Amino acid sequence: MIPDAILEVGYSLLDRGMVPDFVLRRAIRALLRQRLREIDLGSFEANHAAKMKWIEEVRARTTIADVPEKANEQHYEVSTKFMLSTLGPCAKYSSCFYPTGKETLAEAEVLMFESYCEKASLRDGMTILDLGCGMWGSLSLYLASKYPNSKITGLSNSTTQKAHIDSTAKERQLSNLEIITADVNTFDFAGSQHFDRILSIEMFEHMKNYQVLLKKVSTWLRPTTPENPEDALLFVHLFCHRITPYHFEEGDGWMARNFFSGGTMPSHDLLLYFQTDLTLIRSWYLSGKHYSRTLEDWLKVQDRNAKAGLKELHDDAIANGKDPVEATKAFYRFRVFYMACSELFNYNNGEEWGVGHYLFKRI
């Protein structure tokens, strides 16, 4: 185990971009081995008992999400211009899909979008909710363009995201998209709207009480009727560990502190334990290598646009009354974030952490 004092010195160096990538990657892999030792209790019996206890504890939580404002602060309220300078042309801020390994980032973005459309059986004319659309609205915008006769609604708790998505929709002359800013902890459509499909992409990792969340979401799905007997469906994309769920806790180190405060690493089977109001139709697992490749591509884009990205962060810091040194910290923290996540998803050839897809219907 690496002593905390040494880690703190390392974190300070990271914020200034003073740790060579090859050294950083070796340290990240050491921390991943440490994490795996921590979550492995030595036998299937002990690991399963720990998982059941973990699930019982999240069921008992009083809120759906602990600190939703932290996700905004750490990801979605960062300068939009900077973030767009690190992503692909669709600004998809979640795993892309590289079935042959030869795809460009732009191609991989679209391939993952299309996999959602196929798995969720989307078609033009449906009412669709993008739950947690705060990732620069990439899915909402894609669906609004692909399905012009559909009504697309996006739900996010980020005001800057709404502004960006609304502006982009206007530029693209998309009139079938509405963005609602609200906290899923307290917001409820309360019967005012129902949807044929709900899609949620990498939002569940910011949640805790999945029992309450899925119960609420189930009421937003359109009920079946004799006139419309087709089931309304929920599609979920999340990143996960293959067998063990765990929390990102305050004392966990750099990642929990800077990017996943109050976050969750689900296990691939986690949502199967919360089927009181929704029932699973099918699940899929995608190798972590797809996400690792995505992150490596983002890192290349960020480095290619480094000069403009640093200037944007510097200007944004000054505009918001912050010390310009925060701009340098943010730039290098995102480099480390992309690198650390890439190493995580590439660990054990992509077989330890990966991406889960799930399709549910109302009970």
Side-chain angles (χ1 to χ4, degrees), residues 55 58-68 71-72 76 94 116-117 119-122 126-135 137 139-140 143 150-158 161-162 177-225 228 230-240 245 262-264 266-284 355-363:
I55 289 168
V58 298
R59 277 202 185 110
R61 287 180 180 245
T62 56
T63 57
I64 293 174
D66 283 356
V67 283
N72 281 346
Y76 311 125
S94 55
Y116 302 159
C117 296
K119 289 170 180 174
S121 299
L122 301 185
M126 286 182 161
T127 54
I128 302 170
L129 173 65
D130 180 3
L131 176 58
C133 67
M135 293 176 281
L139 178 60
S140 292
L143 296 178
S150 288
K151 172 63 187 302
I152 314 298
T153 302
L155 180 63
S156 164
N157 70 335
S158 168
Q161 291 303 299
K162 174 176 170 55
L177 173 58
E178 177 188 11
I179 303 299
I180 298 170
T181 304
D183 181 354
V184 73
N185 270 314
T186 55
F187 178 80
D188 197 349
F189 285 104
S192 64
Q193 289 191 63
H194 290 99
F195 301 93
D196 297 311
R197 297 290 186 271
I198 299 176
L199 289 81
S200 184
I201 312 302
E202 291 190 20
M203 185 199 80
F204 278 52
E205 299 87 334
H206 297 289
M207 304 294 111
K208 292 297 180 186
N209 192 328
Y210 297 105
Q211 190 78 29
V212 175
L213 172 63
L214 290 172
K215 180 178 180 63
K216 179 179 283 192
V217 171
S218 73
T219 67
W220 299 348
L221 289 168
R222 171 189 48 75
T224 57
T225 64
N228 193 352
E230 180 185 358
D231 286 313
L233 304 174
L234 166 68
F235 176 84
V236 178
H237 161 130
L238 52 74
F239 57 71
C240 56
T264 301
S267 57
H268 183 257
D269 65 346
L270 181 61
L271 298 184
L272 279 63
Y273 293 94
F274 300 92
Q275 296 191 67
T276 303
D277 301 282
L278 295 167
T279 187
L280 183 73
I281 297 172
R282 182 173 174 185
S283 65
W284 297 260
V355 173
H357 286 174
Y358 311 85
L359 191 64
F360 293 90
K361 66 177 181 179
R362 287 177 60 154
I363 291 177

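These numbers were taken from a predicted model, which means no experiment stands behind them.
Remark: T63 engages D66, N185 in a side chain to side chain contact (heavy atoms under 4.5 Å, CB included) (not counting sequence neighbours).
Rounding to the nearest 0.5 Å places CG of L359 at 4.5 Å from CD1 of I281. Rounding to the nearest 0.5 Å gives a distance of 4.0 Å between SG of C133 and CD1 of I179. Distance OG1/T224 to NZ/K361: 9.5 Å, rounded to 0.5 Å. From I128, atom CD1 reaches atom CD1 of I152 across 4.0 Å, with rounding to the nearest 0.5 Å. Remark: L199 CG to L233 CG distance equals 9.5 Å, nearest 0.5 Å. Between the OG atom of S200 and the CG atom of D130 there is a distance of 7.5 Å, given to the nearest 0.5 Å.
A side-chain donor-acceptor contact under 3.5 Å links K216 to the backbone of V184. Side chain of D188 to backbone of A190: a donor-acceptor contact under 3.5 angstrom is found.
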Next on the checklist: L214 vs L234, test: side chain to side chain contact (heavy atoms under 4.5 Å, CB included). Steps then yes/no.
Outcome noted: CA-CA 10 Å; L214 290 172; L234 166 68; 3.8 Å; yes
Next on the checklist: Please evaluate residues H268 and Y358 with respect to the criterion side chain to side chain contact (heavy atoms under 4.5 Å, CB included), reporting the C-alpha separation (whole Å), side-chain torsions for both, the decisive distance (0.1 Å), and the verdict.
Outcome noted: CA-CA 10 Å; H268 183 257; Y358 311 85; 3.3 Å; yes
Item to check | Y116/H357 under ring-ring contact (aromatic ring centres under 6.0 Å, His included): CA gap, chis, key distance, verdict | outcome: CA-CA 9 Å; Y116 302 159; H357 286 174; 5.6 Å; yes
Checklist entry - Does the pair E230 and N228 meet the rule for a side chain to side chain contact (heavy atoms under 4.5 Å, CB included), with working shown? => result CA-CA 6 Å; E230 180 185 358; N228 193 352; 3.9 Å; yes
Next on the checklist: Working note: L155 + W220, criterion side chain to side chain contact (heavy atoms under 4.5 Å, CB included); need CA distance, chi angles, decisive distance, verdict.
Outcome noted: CA-CA 12 Å; L155 180 63; W220 299 348; 4.1 Å; yes
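Shortest non-hydrogen contact noted between S94 and I201 is OG-CG2, 3.5 Å. Smallest separation of non-hydrogen atoms from M126 and S121: CE-O, 3.6 Å. Here the closest non-hydrogen pair linking E202 and L238 is CG-CA, 4.5 Å. Residues G356 and C240 share a closest heavy-atom pair of N-SG, 3.8 Å. Closest approach of R197 and A232 over heavy atoms only: NH1-CA, 4.0 Å. Shown here for S140 and G154, the closest heavy-atom pair between the two residues is OG-CA, 4.2 Å.
By the 4.5 Å heavy-atom criterion applied to side chains, L143 and C117 are counted as neighbours. A 4.5 Å side-chain heavy-atom check between P223 and H194 finds at least one atom pair inside the cut-off. Between F235 and L122, every side-chain heavy-atom pair lies at or beyond the 4.5 Å cut-off. Within the 4.5 Å cutoff, side-chain heavy atoms of L221 are placed close to those of I198. Side-chain contact between Q193 and T127: absent, with no pair of heavy atoms (C-beta onward) separated by less than 4.5 Å. Annotation: side chain of E178 is in contact with side chain of K151 (closest heavy-atom distance under 4.5 Å).
Side-chain atoms of K208 and T264 form a donor-acceptor pair, as typed in the model, at a separation below 3.5 Å.
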Can you list, pair by pair, the side-chain donor-acceptor contacts under 3.5 Å of residues 270-278, counting residues two or more places apart and other chains?
{"residue": "Q275", "atom": "OE1", "partner": "L280", "partner atom": "N", "Å": "2.8"}
{"residue": "Q275", "atom": "NE2", "partner": "L272", "partner atom": "O", "Å": "2.9"}
{"residue": "T276", "atom": "OG1", "partner": "Q211", "partner atom": "NE2", "Å": "2.5"}

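Between Y210 and F204, the ring planes are parallel. Angles under 30° get that label, and only those over 60° would be called perpendicular.
The number of heavy atoms from other shown groups lying within 6.0 Å of NZ (K119) is above 12.
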